[in-house]
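Take a look at the structure below.
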4 protein chains.
Amino acid sequence: MVRTETRAAYREAILDAATRVFGRLGFQDAKMADIAAEAGVAAGTVYNYFKNKEEVFRSILQRTHELVYQRILVHQQLADPIERMRASTREAFDFLEEHGALFLLYVSIGGGFDWAQKRIEQALIDENHARYFALSQATLRDAVERGLLRSDLSIERLAVLLSGLTDATIFSWVRTGCPPGLRTQADPLIDFFLHGAKAP
Amino acid sequence: MVRTETRAAYREAILDAATRVFGRLGFQDAKMADIAAEAGVAAGTVYNYFKNKEEVFRSILQRTHELVYQRILVHQQLADPIERMRASTREAFDFLEEHGALFLLYVSIGGGFDWAQKRIEQALIDENHARYFALSQATLRDAVERGLLRSDLSIERLAVLLSGLTDATIFSWVRTGCPPGLRTQADPLIDFFLHGAKAP
Amino acid sequence: MVRTETRAAYREAILDAATRVFGRLGFQDAKMADIAAEAGVAAGTVYNYFKNKEEVFRSILQRTHELVYQRILVHQQLADPIERMRASTREAFDFLEEHGALFLLYVSIGGGFDWAQKRIEQALIDENHARYFALSQATLRDAVERGLLRSDLSIERLAVLLSGLTDATIFSWVRTGCPPGLRTQADPLIDFFLHGAKAP
Amino acid sequence: MVRTETRAAYREAILDAATRVFGRLGFQDAKMADIAAEAGVAAGTVYNYFKNKEEVFRSILQRTHELVYQRILVHQQLADPIERMRASTREAFDFLEEHGALFLLYVSIGGGFDWAQKRIEQALIDENHARYFALSQATLRDAVERGLLRSDLSIERLAVLLSGLTDATIFSWVRTGCPPGLRTQADPLIDFFLHGAKAP
DNA sequence: AATGAATGAGAGTTCATTCAT
DNA sequence: GATGAATGAACTCTCATTCAT
């Protein structure tokens, strides 16, 4: 029992370290030695927990995805689809603020374009992305059916545009050094999604 | 004179080849040997034109940026800022359709998140990105001042959101295999930017 | 006493396992983890019984040698040296058929040319080999002195040639998949040793 | 043309070096760095000529085999099969004396039992071995048909026994430090093959 | 004494860059 | 200036051995 806990703790520590290192350097530049050092273990130890560098990366993706997904899932019970959109966006932004290694989240949320990842596990990324997208699309469909959103654009197109606004906001936030307060941008973002930029 | 032209032609040929190879494989996986082979020259020749791999990449970025920038610049004379936005977006989409190696354009246009680039020349990317952004912001400012766009969002915020919509559209287009007709999405995109998703 | 027996039992179990694993994979490819797993003990346990991988190997060699040597020794009491040769060869072939891990026997008997062994303990191999050889030479000397064998070849040379015939027979047997009946080749082999290939 | 020659020379130099190193240390213990150093080139250079360590090994095998095979082939025109056997054996022994790296010859001639080789390219080894064996068997068959050899043993069995005598002689020679004069043992060996050890 | 995870030295291989031709 | 082979630093991964429990 103790052993199992210790193993799990080691695993988590390595994933945490790897998350920091990948976030800092990207997949290619991150060396296994860096990850091991950051985790405070020997190089070989990492290989007792993960088959290779790719699996470390994949595991981070999966772990992060699961974490965010669960947190967003909670809000899907809200009756009003617009409220659901607002809550989900706030939740995602909250998560980003809490975790330094946003790069990974971004990636797991879907839009990432790092060629390294592409090579590694596009399938996994796509699958995770698809799960988020499915959630988003369900909400949008609900909204369209209730007459809350225009119906001349496909659900998928709406989802793409919404994620575009979200991603751009995140990028911009990262670019400006991750200042506190990202979550406050969630509601204006949804408002913009609804009403656009036209002067009233 | 001939010599100069020959040199220039070699340089262009190498950049063309490198664009294709980087577009196909990404920065890390693209080997100098691949680029040389694609260009039909010997490996060493590349080094007669570029100091190293990074400079090849940087040069592509710069060249592409210049190309797109000039094409977009043409439309800045249009009196109506909304029309300017439409024309610029169409122009960017056209360029993407014409050139297979869209990845690079996208990247040079700005939102890219490839870690390789980050390492290499974020400064350059940012600078290029800033030039586009300046263009975009000038148009948006004009529109706001004419009362065509809401004034409760900062010009910069508007620019970020607009680029988000554009980028998401491009990503989605790439993801679906670059089907013909990207340019037809330019006007609906601007419409969405103006009016949002709300049902009328 | 019990303790001692337990220790001995562990030791034997590990050697048995190691014999199988070395036989299957050779020295280099056999991993200590494989041996431990095959023996049903933890990796560390092996090191409670043997200093290192080489000692495990050496111990197998020694144990196997001892076993075979004792079995062959029994027949040395036979009065007729030719009969002694026949009986010894049969005994060796029997042993090979009984034990799957023939490779090791062969090796310990002497002619092996595995570079791994060479590196490890050529001295030991040579010593064991010398013991067999001494037995063989004693018999041959006896035969020569009794006028049963030609005396124009040195005893050592005769021993070398005899072992060559034996080894070739074993190799050929292994190469053809160790079909049953190796022992029946012992007598024809000795006959050939005596009379050669010439037509009568 | 010069280039081609240079390339070939490099290739040969590396193979020569590798032959020495493999002969000295065996496959596993020979490091690519050792081979490169012995050849007086950089580590990477070896990889410009051979895909990997295994291919270096395989190439040596093939080259040596070809060399020896051609030399033995010359004597196949001799009318008397017994003379053919004598000449072939002498040729093989000559080759061994000329080349320090006998290990390889031995291996390529066939009886080798190095586990490393087994893993690597047993197929190739077997194929080469089969070529020698075919030669040997043809000669033996000829001799049997002419009534020169006993016909109660299969051709294959005769070939096995002959190679056993040869190998044992080589082993013994190597074991005693490769003293000059191996070739003088060829004729007595064939004599022994013909008449055996029985006193006349 | 058994365990099994941590260790870390070491090897094969890649590839950007250099340089003699 | 083009060539293309040589270079060698650097990185991932393996596994014999150690050691805390």
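Within every chain, numbering begins at 1; the chains are lettered A, B, ... in the order of the sequence lines, protein sequences first and strands thereafter.
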Inset, instruction - Quickly work out the D:E54 CD to E:dT13 C1' distance and round it to whole Å. - result: 13 Å
Inset, instruction - Before accepting this row, confirm whether a basic side-chain N of the pair D:R63/D:D16 lies closer than 4.0 Å to the acidic partner's carboxylate O. - result: yes
Inset, instruction - Write down the distance between OH (C:Y47) and P (F:dC15), rounded to a whole number of angstrom. - result: 12 Å
Inset, instruction - Rounded to the nearest angstrom, tell me the gap between atom OH in D:Y49 and atom C1' in F:dA5. - result: 6 Å
Legend entry - Rounded interatomic separation in angstrom, taking CZ from D:F27 and C1' from E:dG12: 10 Å
Inset, instruction - Round to the nearest Å and state the distance from D:R7 atom CZ to F:dA5 atom P. - result: 5 Å
Inset, instruction - Hey, which sits more toward the 5' end of DNA chain F by its nearest nucleotide, D:Y10 or B:G40? - result: B:G40
Inset, instruction - Please work out if A:A39 contacts a base, only the sugar-phosphate, or nothing of the nucleic acid, heavy-atom cut-off 4.0 Å. - result: nothing
Inset, instruction - Any chance you could lay out the side-chain contact (heavy atoms from CB on, under 4.5 Å) test for C:K53 and C:F22, step after step, and finish with the verdict? - result: CA-CA 11 Å; C:K53 193 177 169 184; C:F22 281 133; 4.2 Å; yes
Legend entry - Nearest-angstrom distance from the residue atom CD1 of A:I35 to C1' of F:dT12: 11 Å
Inset, instruction - Would you please enumerate the stems DNA chain F participates in, each stem being three or more consecutive Watson-Crick or G-U wobble pairs with both distances under 3.5 Å? - result: E:2-21 with F:2-21
Inset, instruction - Report yes or no: does B:K31 contribute a side-chain atom to a donor-acceptor pair with the main-chain N or O of B:Q28 at less than 3.5 Å? - result: yes
Legend entry - Closest approach of B:A36 to B:A43 (non-hydrogen atoms, all atoms of both residues): CB-CA, 3.7 Å
Inset, instruction - Pick base, sugar-phosphate or nothing for D:F50, based on heavy-atom distances below 4.0 Å to the nucleic acid. - result: nothing
Legend entry - Integer-rounded Å distance: E:dT14 C1' and D:E55 CD: 16 Å
Legend entry - Interatomic distance, B:R20 atom CZ to B:L15 atom CG [nearest 0.5 angstrom]: 11.0 Å
Inset, instruction - Could you point out which residue of B:V56, B:I35, B:I14, B:I60 forms a side chain to side chain contact (heavy atoms under 4.5 Å, CB included) with B:T19? - result: B:I60
Inset, instruction - Could you walk me through whether C:Y47 and C:M32 pass side-chain contact (heavy atoms from CB on, under 4.5 Å), step by step? - result: CA-CA 10 Å; C:Y47 287 86; C:M32 287 300 259; 3.5 Å; yes
Which protein N or O atoms sit under 3.5 Å from an N or O of nucleotides 8-10 of chain E?
residue	atom	partner	partner atom	Å
E:dG8	N7	A:G44	N	3.3

Inset, instruction - Indicate whether OP1 or OP2 belonging to F:dA2 is found under 4.0 Å from a side-chain N or O atom of B:N48. - result: yes
Inset, instruction - Using the six-membered ring wherever Trp is involved, compare the ring planes of B:F27 and B:F57 and label them parallel, tilted or perpendicular (cut-offs 30° and 60°). - result: perpendicular
Inset, instruction - Let me see the working for D:R11 and D:R7 under side-chain contact (heavy atoms from CB on, under 4.5 Å), right down to the final yes or no. - result: CA-CA 6 Å; D:R11 202 190 129 93; D:R7 267 197 81 77; over 6 Å; no
Inset, instruction - Specify the separation, in whole Å, of atom CE of C:M32 and atom C1' of E:dT3. - result: 15 Å
